[in-house]
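A quick write-up on the structure given underneath.
Each chain gets a letter, A, B and so on, in the order its sequence line appears, and its residues count up from 1.
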There are 2 protein chains.
Amino acid sequence: MAQSDTVDRILDAAEELFAERGFSETSLRMITSKASVNLAAVNYHFGSKNALIQAVFARFLTPFTETLESAFDDLEASCEGAPPSLEQTLWALTESAVSMPQRNEKGISIFMRLLGLAYTQSQGHLREFLEEEYSQTFGRFMALLKGATPQLSAVDRYWRIQFMLGATAFTMSSSDALRDILQTKLGVETSVQEIAARLVPFLAAGLQAEAAIPTLISKPSVA
Amino acid sequence: MAQSDTVDRILDAAEELFAERGFSETSLRMITSKASVNLAAVNYHFGSKNALIQAVFARFLTPFTETLESAFDDLEASCEGAPPSLEQTLWALTESAVSMPQRNEKGISIFMRLLGLAYTQSQGHLREFLEEEYSQTFGRFMALLKGATPQLSAVDRYWRIQFMLGATAFTMSSSDALRDILQTKLGVETSVQEIAARLVPFLAAGLQAEAAIPTLISKPSVA
DNA sequence: CCAGGGTTCAAACGTATGTTTCAAACAGAC
DNA sequence: GTCTGTTTGAAACATACGTTTGAACCCTGG
């Protein structure tokens, strides 16, 4: 076994277990026994469980943001100063995600599920780490969305982006289960690419909906 | 102190702590000390931590589904056989949620956050419990959505409902954090009612978007 | 007044967690 | 081949958890 084969084995096992069970519900002993390494190896190589969590994110988020940055570069170059459209921006994102080199067939759904966890289970340290490391790329994505939806107020746009992220992270994070249900109920096979292809128009339509904003509790009349 | 004042104090404390920290991250000792009751009281009155979690859900979900069922009754009655529209259905849902009698000013956001957690952190026992108790109302909601979107294929509808649930659960499960960010960045106060009011048009538009279906990886051309 | 059932309390139990320890095994350089 | 720094290994550490215990407590019905 190579020198730090151990590090990768730990990261692989941790990634998969975190994705299926969450952070607190995954113990170091589960990770090390799945990885077939000694318990102490985690603290030796990473220092702490929290640092391991951050390392898991860094391993896939760093190449992803690099891919994404260059996709955005291409997009902006091809638009020659004009703001890229919403669909183009969303496609740049999904293509970058889908085209990431995957460690295995579960790669993309693990990736998505971890993003979802980062959002919903974010324990302080993780949120700080992600903010610290990746806020620049995230900000660029937000700026592109802003350019693509100039008709929206800042507040509307903020919330709709949250809705978008929610729909995406959530769907992708349970995409395996959802695919299975569809397979058994309707007999339909679905690839992650197809889910993405269905998601993009949904998101684009939602993001560009009429901002029917509140005369607060004003439900549509029945007639 | 009345006889089972203790039970309510435990439920109140548990509800609030679960909502802000999740289930595994909330210990019984936190709950009992916030409630100013003895540690053993939880196991005495509820039997176990899992049973307490279920009791927390039952306390707000049972009246909620009753309200919702009668809102659906009203809706269907006022439509006299015609299927209610999508907006009407979604509004019936959000109005039922918002109009629930609240124990305090944080009531509605706790409610939403718990629903989000139920979806994203669902530990087996909770999923089974919710399925057991509330699947009928959920099924009725799905049937209404089906009637409101006859133009969608079963597969499209299936995925779009997942997207919808995702956007909702996800946003609601982190709504406090999102509200804080908005407050500090843009200086805007936001109520849960406003979030819901923004969410409904987004979901309705997404659900009714043109079903731009996959000539698979067909990203929009740049020009 | 006092017996008895429901309730509270402090303390302990057993188990699981993240982390640390220190000796053994290993690698590569001289 | 031996030495040096790195990595692994089995075991223990301290702590926190959910749960159980059994004695105290209260309050009500007789």
Checklist entry - Roughly, in whole Å, what's the span from CG in B/Asn43 to P in D/dC17? => result 14 Å
Checklist entry - Taking only side-chain nitrogens and oxygens of B/His45, does any of them come within less than 4.0 Å of OP1 or OP2 of C/dG6? => result no
Checklist outcome for this item: Here the pair of heavy atoms bringing A/Leu75 nearest to A/Ala92 is CD2-CB, 4.2 Å
Checklist entry - Any side-chain N or O of B/Thr6 less than 4.0 Å from the OP1 or OP2 oxygen of C/dT7? => result no
Item to check | Nearest listed nucleotide, side chain of A/Tyr44, among D/dT7, C/dT7, C/dT19 | outcome: D/dT7
Checklist outcome for this item: To the nearest angstrom, the CD1-P distance between B/Ile10 and C/dT8 comes to 8 Å
Checklist entry - Where do B/Thr26 and B/Met30 come nearest, in terms of heavy atoms and distance? => result CA-SD, 4.0 Å
Next on the checklist: With a 3.5 Å distance limit and no angle check, can you tell me whether A/Arg157 reaches the backbone of A/Thr149 through a side-chain donor-acceptor pair?
Outcome noted: yes
Item to check | Sub-4.0 Å heavy-atom contacts from residues 25-35 of chain B onto DNA chain D, ordered by number | outcome: B/Thr26, B/Ser27, B/Leu28, B/Arg29
Checklist entry - Can you tell me if B/Thr62 uses its side chain to pair, donor with acceptor, with the backbone of B/Arg59 under 3.5 Å? => result no
Checklist entry - Can you check the B/Phe46 CZ to D/dG18 P distance for me, whole Å? => result 15 Å
Checklist entry - Atom CG of A/Leu61 and atom CG of A/Leu114: how far apart are they, to the nearest 0.5 Å? => result 9.5 Å
Short N/O separations, protein against nucleotides 9-11 of chain D, under 3.5 angstrom:
residue	atom	partner	partner atom	Å
D/dA10	N7	A/Asn38	ND2	3.3

Item to check | Contacts of B/Asp73 that satisfy salt bridge (charged side-chain N to carboxylate O under 4.0 Å, His left out) - sequence neighbours left out | outcome: B/Arg140
Next on the checklist: Just the rounded figure in Å: distance from P of C/dA16 to NZ of A/Lys49.
Outcome noted: 15 Å
Item to check | Closest non-hydrogen atom pair, B/Ala58 against B/Phe129 | outcome: CB-CZ, 4.0 Å
Checklist entry - Are side-chain N/O atoms of B/Thr171 and A/Gln162 paired as donor and acceptor at under 3.5 Å? => result no
